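Here the structure is laid out as structure tokens; the discussion comes afterwards.
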Amino acid sequence: MKSEPSDCSIDDLAKLPGQSVAWYGVRNYQARNFMRDQMKVGDKVFFYHSNCAEPGIAGLAEVGRLAYPDQTQFDPKNKYFDPKATPETPRWFNVDVKLVKKTRLVSLKELRGHLELERMRTLQKGNRLSITPVDPSEWEFIIGLL
DNA sequence: GCCAACGTTGGC
DNA sequence: GCCAACGTTGGC
């Protein structure tokens, strides 16, 4: 799961020990579907810092709550407001996520250096999805780097 | 700030 | 359904 550290960094998450935070604001259908249809409580995720000086994996987190309607879509004052969404027919969903641990920064550059991760979805050219599944083999490999 | 690589929107 | 225009993401 990608987050811009200027928006929510691994340290921000670490300031909320044991607390789940809403992963609101996803406005891409594919990313939404991953959260809504595939993510279960307890699933582990890599917390990735994007759009920053040192992009890369900054920590581990886990799903704390199943997907539910993203509350920001209903609030006209919110930047994520969606006029086409109603509480009866919500369009956007989010899970809650909580910190497992902060790790060393495994940079994008380092990730790209491993042949084992060649096919990793988030490393593919042109990929802009903020949420992507990680293959078990890729997961284990990266855990081994930490 | 630049720009490639998308995804979305809306006219037709 | 097509596709041009536009908006966004995110590395660099």
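Lettering of chains follows the sequences in order, A, B, ..., and the numbering in each one begins at 1. Every value quoted in this text rests on a predicted model; they were computed, and no experiment measured them.
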Handout entry: Partner residues of A/Phe46 under the ring-ring contact (aromatic ring centres under 6.0 Å, His included) criterion, sequence neighbours left out
Key = A/Trp139
Exercise for the section: Could you list by number each residue of residues 107-125 of chain A showing a heavy-atom separation from DNA chain B of less than 4.0 Å, or answer none if no residue does? Expected result: A/Lys125
Problem - ring pair (Phe, Tyr, Trp, His ring centres under 6.0 Å) pairs, two or more places apart, involving residues 63-92 of chain A - result: A/Tyr29-A/Trp92
Practice task
Quick one: closest heavy-atom pair of A/His49 and A/Ser9, and the distance?
Solution key: NE2-CA, 3.6 Å
Handout entry: Pairwise salt bridge (Lys or Arg N to Asp or Glu O under 4.0 Å) hits with a residue in residues 86-96 of chain A, at least two apart
Key = A/Asp82-A/Arg91
Handout entry: Touch class at under 4.0 angstrom, heavy-atom based, for A/Gln30 against every strand present
Key = sugar-phosphate
Handout entry: Boundaries of the chain A footprint along DNA chain C (any atom under 4.0 Å from a heavy atom)
Key = C/dG7 to C/dC12
Fill in the blank from the handout: Quick note, ring pair (Phe, Tyr, Trp, His ring centres under 6.0 Å) partners involving residues 110-134 of chain A, not counting sequence neighbours, are A/His114-A/Phe141
Completion exercise
Residue set satisfying side-chain contact (heavy atoms from CB on, under 4.5 Å) with A/Lys40, at least two apart, ordered chain then number -> A/Asp43, A/Leu66
Exercise for the section: Considering only Ile, Leu, Val, Met, Phe, Trp and Tyr, and joining two whenever side-chain heavy atoms are under 4.5 Å apart, list the other residues clustered with A/Leu129. Expected result: A/Met1, A/Ile10, A/Leu13, A/Leu16, A/Val21, A/Trp23, A/Val26, A/Phe34, A/Met35, A/Met39, A/Val45, A/Phe47, A/Val63, A/Val95, A/Val97, A/Leu99, A/Ile131
Fill in the blank from the handout: Sorted by chain and residue number, the side-chain contact (heavy atoms from CB on, under 4.5 Å) partners of A/Ser137 (sequence neighbours excluded) come out as A/Asp135
Exercise for the section: Would you mind telling me which residue lines up with the more 5' stretch of DNA chain B, A/Asn51 or A/Arg91, judged by nearest nucleotide? Expected result: A/Asn51
